[in-house]
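Please read all numbers here as calculations on a predicted model, not as lab measurements. Index from 1, following the sequence.
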Amino acid sequence: VGNSLLLLATIVLFIKVNGSESGVLAVQVGGWDAPYAITLVADLLGAIMVLITGVMGLGVAIFALADIDEDRQRFGFFPLYNFLLMGIGGAFLTGDLFNLYVCFEVMLIASFVLLALGGQLAQIEGALKYFVLNLISSILFLAGVGILYGKIGTLNMADLAVKLAEHPESFFINIAAMFFLAAFGVKAAIFPFFFWLPASYHTPPVAISAIFAAMLTKVGVYSLIRSFTLFLNQDEAFIQMLLLVIAALTMIIGVLGAAAQFEIRRILSFHIISQIGYMIMGLAINTTLALAGTVFFIVHNILAKGNLFLVGGAVQKVKGSGELYHIGGMYRSYPFLAFLFFISAFALAGVPPLSGFWSKLILIQASIEVEFWGIMAVSLAVGLMTLFSMTKIWAECFWKPQPEKGTPPHLVTDQDKPVPWLMMVPIITIALLICLFGIFAQPLFDIAHRAGEQLVDPTAYIETVLKKGDYP
């Protein structure tokens, strides 16, 4: 019920933002004027992100009813889950850097406990790696916040945009930008800060992995987009080249790591990294079309990646394992589940007419417009290798017969065990959304293009925040 209400609230917010004259709504908490108030602000990008958070939050919550055991529920899974969603939504809607830091900490606390919930050795090991690296990220972020506040005297992002535009290029501002790049880069799992993700995301129950895969790295990407389009854009040429290199290496390392794995969630974890590279590619190009492609890609990726983890969870539920060496025959026993995997996997690889094709096409068109041939070639090659990894899961898990020799004792070989309907409902729903966004891509692209225009020209964002704000 709580997650249904969250989805309803995000739908209402998106409709109001999309229908407003400026495309931006802001609230100054407590009646103070910006930049002194705690500012909550939703432009189209923020509204889209909280809407997709509501969609995935409800879907994974339904899945969790069949996936999370009673012990974990008794020890607070659902309250922790909702605290995590609160931190994610707060990060997308906050208008000042300090409260972005607060939301990061809410997410970190909730996600660390969710990772460790159950107390298994692999979980504790993965949770410690996750916690330490993200704690370092928080320290770097706080250092950047301190430098900016000491130099400029404000942490309101709209106010920073105004004052930094009037401020001469400063060594300290560039240092702060690098702190933010490193801090948000750890959250987003970009190169070279990605190694914590594949070491931790395969260890908890699948419902936890799915919401992490869908949303947590996207908070880092969102923070990079918000900061480097709104106020940290002084040294554009250097930042652009740095982001292009990071995007290319993130794509390559992620897809090569996926090709070397033989466990479903490990493969998908490395693909999270490679797909983040496409989002950073759009930010690096930094044109309206490129940023529109990034917004489109984020929505597509959240749905496709989250659904692939849910399908992997359904496989693990009926087979007892996600190791490709030990499982097989899923297509014969569960043809409908195989079809749902096919949709999400081919969307992730960018096969037309699914949503991934259009998002990658937009980014490639944007790179051609500015003649960034290198990053375009990398993105095409990584797309082909993504298809290879998805076909590997298809061939090993769904197509080949169930192995008879070397089967672990815990493995389920009963081919008649049904997939719980609470698992199937969100998988089917998200697969339908992926198909709809592919077949009817133009309306989503129009909204994404408007979001890209707001990012390139943040005048409406700044003016709405620095006034008293429009109360929805």
Side-chain angles (χ1 to χ4, degrees), residues 1-8 10-11 52-74 76-82 84-85 114 117-118 202 204-215 264-265 268 302-322 327-348 354-355 393-394 397-399 402 410-437:
V1 171
N3 284 276
S4 299
L5 292 173
L6 171 64
L7 176 58
L8 179 62
T10 60
I11 291 171
I52 200 68
T53 302
V55 172
M56 290 305 301
L58 178 59
V60 175
I62 294 170
F63 187 95
L65 292 171
D67 181 55
I68 302 299
D69 57 74
E70 291 184 3
D71 286 341
R72 286 187 173 89
Q73 291 190 30
R74 190 171 67 253
F77 168 79
F78 285 107
L80 288 164
Y81 180 77
N82 282 286
L84 179 68
L85 294 181
L114 285 170
L117 201 62
H202 67 286
V206 173
I208 298 172
S209 294
I211 196 65
F212 283 17
M215 299 310 310
I264 293 175
R265 281 197 286 173
L268 297 177
I302 288 172
L303 294 172
K305 180 61 65 178
N307 214 33
L308 284 169
F309 269 86
L310 296 182
V311 172
V315 171
Q316 189 166 323
K317 185 74 172 178
V318 299
K319 285 290 186 179
S321 175
I327 58 178
M330 290 290 294
Y331 176 75
R332 186 170 300 173
S333 304
Y334 304 94
F336 188 54
L337 185 64
F339 175 69
L340 295 172
F341 169 81
F342 179 89
I343 291 173
S344 300
F346 274 45
L348 191 74
L354 298 170
S355 57
I393 297 177
W394 172 265
C397 176
F398 292 94
W399 196 248
Q402 171 67 45
H410 68 275
L411 192 66
V412 179
T413 56
D414 179 10
Q415 300 296 326
D416 298 324
K417 183 178 181 180
V419 180
W421 68 270
L422 284 170
M423 290 187 169
M424 292 302 296
V425 167
I427 293 173
I428 294 168
T429 304
I430 296 170
L432 285 173
L433 288 175
I434 292 169
C435 293
L436 287 174
F437 287 158

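- For the atom pair CG (Leu85) and CG (Leu7), the distance works out to 11.5 Å, reported to the nearest 0.5 Å.
- Among Phe341, Phe336, Tyr334, Phe339, the one residue that satisfies the ring pair (Phe, Tyr, Trp, His ring centres under 6.0 Å) test with Phe398 is Phe341.
- Nearest heavy atom pair, residue Gln73 against residue Ile68, reads NE2-O, 3.0 Å.
- Listed here is the closest heavy atom pair of Gly57 and Asn3: O-OD1, 3.7 Å.
- To the nearest 0.5 Å, the span separating CG on Leu340 from CG on Leu432 amounts to 8.5 Å.
- When every heavy atom of Leu268 is checked against every heavy atom of Lys305, the shortest pair comes out as O-NZ, 3.1 Å.
- The OG1 atom of Thr429 lies 11.0 Å from the CD1 atom of Ile434; values are rounded to the nearest 0.5 Å.
- Atom CD1 of Ile11 is separated from atom CG of Leu6 by 9.5 Å, given to the nearest 0.5 angstrom.
- Separating the CZ atom in Arg265 from the CD atom in Gln316 is a distance of 5.0 Å, to the nearest 0.5 Å.
- Taking every heavy atom of both residues into account, Leu422 and Ala66 meet most closely at CB-CB, 3.9 Å.
- Scanning all heavy atoms of the two residues, the minimum distance from Ala207 to Val60 falls at O-CG1, 3.2 Å.
- Aromatic ring pairs are classed by plane angle as parallel below 30°, tilted from 30° to 60° and perpendicular above 60°; the pair Phe342 and Trp394 is perpendicular.
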Report the C-alpha distance between Ile264 and Cys397 in whole Å, list the side-chain angles of each, state the deciding distance to 0.1 Å, and finish with yes or no for side-chain contact (heavy atoms from CB on, under 4.5 Å). CA-CA 9 Å; Ile264 293 175; Cys397 176; 4.3 Å; yes
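- Of the possible polar contacts, none joining the Tyr81 side chain to the Leu114 backbone as a donor-acceptor pair under 3.5 Å is found.
- The distance from atom SG of Cys435 to atom CD1 of Ile430, rounded to the nearest 0.5 Å, is 12.5 Å.
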